[in-house]
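Structure, as structure tokens:
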Amino acid sequence: MILIFLGPPGSGKGTQAKLLAEKLKIAHISLGDLLREEVRIGSVIGKQAKAMMDAGKLVPDELTIELAQNRIKKDDCRRGFIMDGFPRSAAQADAFDKMLAQNKLTLGAAVYFAVDEEPLVKRLLLRAQLEGRADDTESVIRTRFEVYAKQTAPLIEHYKKIGKLVEIDAARPIDQVTKELFALEAIASVL
Ligand code: ADP
């Protein structure tokens, strides 16, 4: 089972991806986590990515595409995986379509976590206080939403067009979103 989780910053897709990946015994691939790890170990990719991440902008497509490409080849992806935070641009979506085709893999669904922006900004500011992430200040949060609207939101149309989009209401409490997610036809059929 191969899934893409799509949605604005703070929509809870990371939390839900972790839960669902455990349930389905598939890999959870968070591009944000992969990038933060590159920054932590001080790799070439990490060094190129850090400034963009701190500013709330997308790191260059070729870096994230390379990370994603290498990651899906690992053993723990053989049963499938959830892509959380990738693709995030048209070029990444294109590259991902090609990656899947080259590896003879089929996308199960792109799950869109639909939720309004204002409550999310509040959610992220609260998370900033709790976790102290460098990209969680108010102005960086605003930039991340602008980047999302401009570069990532158009992917919703892409997956709709190819008949892979499913939408869930991400404004509700975590456990209710989980319930709705597990009940989606594409997912319930393999549980
Ligand atoms: P969130 O979903 O809350 O915005 P993430 O942890 O997914 O946070 O990502 C943090 C940052 O990492 C992003 O703001 C961006 O700079 C970078 N990033 C993550 N995924 C990608 C991607 N697919 N393409 C480009 N940059 C990315």
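Just follow the structure's listing: the first ligand is 1, and inside any ligand the first atom is 1.
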_Does atom CD1 (I174) have a neighbourhood of more than 12 heavy atoms from anything else shown, all under 6.0 Å?_
no

*asked:* Restricting to side chain to side chain donor-acceptor pair (under 3.5 Å), what partner residues turn up for R78, sequence neighbours left out?
replied: D75

*Of the side chain and backbone of T64, name the one, both, or neither that has a heavy atom under 4.0 Å from an atom of ligand 1.*
side chain

*Any chance you could lay out the salt bridge (Lys or Arg N to Asp or Glu O under 4.0 Å) test for K164 and E157, step after step, and finish with the verdict?*
CA-CA 10 Å; K164 297 289 184 181; E157 266 316 301; over 6 Å; no

*Any side-chain donor paired with an acceptor under 3.5 Å for H28 and D33?*
no

*asked:* Nearest non-hydrogen contact with atom 24 (N) of ligand 1 belongs to which option: Q92, M83, R144?
replied: Q92

*asked:* Closer than 4.0 Å to some heavy atom of K57 - which atoms of ligand 1 meet that?
replied: 15 (C), 16 (O)

*Kindly say whether V147 contributes a backbone atom to a donor-acceptor pair with the side chain of Q151 at under 3.5 angstrom?*
no

_One residue to check: Q151. Relative to ligand 1, which of side chain, backbone, both or neither has a non-hydrogen atom less than 4.0 Å away?_
neither

_Minimum non-hydrogen distance to atom 11 (C) of ligand 1, winning option of K50, R127, M53, K13_ = M53

*Taking only heavy atoms of F86 into account, list the atoms of ligand 1 that are under 4.0 Å away from them.*
23 (N)

*Any atoms of ligand 1 less than 4.0 Å from a non-hydrogen atom of L35? List them with their elements.*
12 (O), 17 (C), 18 (N), 19 (C), 27 (C)

*Consider only side-chain N and O atoms of E38 and S43, and report whether a donor and an acceptor are under 3.5 Å apart.*
yes

*For ligand 1, which atoms have a heavy atom of R36 less than 4.0 angstrom away?*
6 (O), 10 (C)

*Per-atom contacts of ligand 1 with L31, taking only distances under 4.0 Å to non-hydrogen atoms*: 20 (N)

_How about NZ on K57, more than 12 heavy atoms from neighbouring residues, nucleotides or ligands closer than 6.0 Å, or not?_
no

*Apart from L24 itself, what residues make up its hydrophobic cluster, given side-chain heavy atom links below 4.5 Å?*
M1, L3, F5, L20, I26, I82, V111, F113, V166, I168, V177, L181, F182, L184, I187, V190, L191

_Please check whether D33 reaches ligand 1 - meaning an N/O of the residue sits under 3.5 Å from an N/O of the ligand, judged on distance alone._
no

*Can you check whether G85 has an N/O within less than 3.5 Å of an N/O in ligand 1?*
yes

*Is there any N or O on V59 that sits under 3.5 Å from an N or O of ligand 1?*
yes

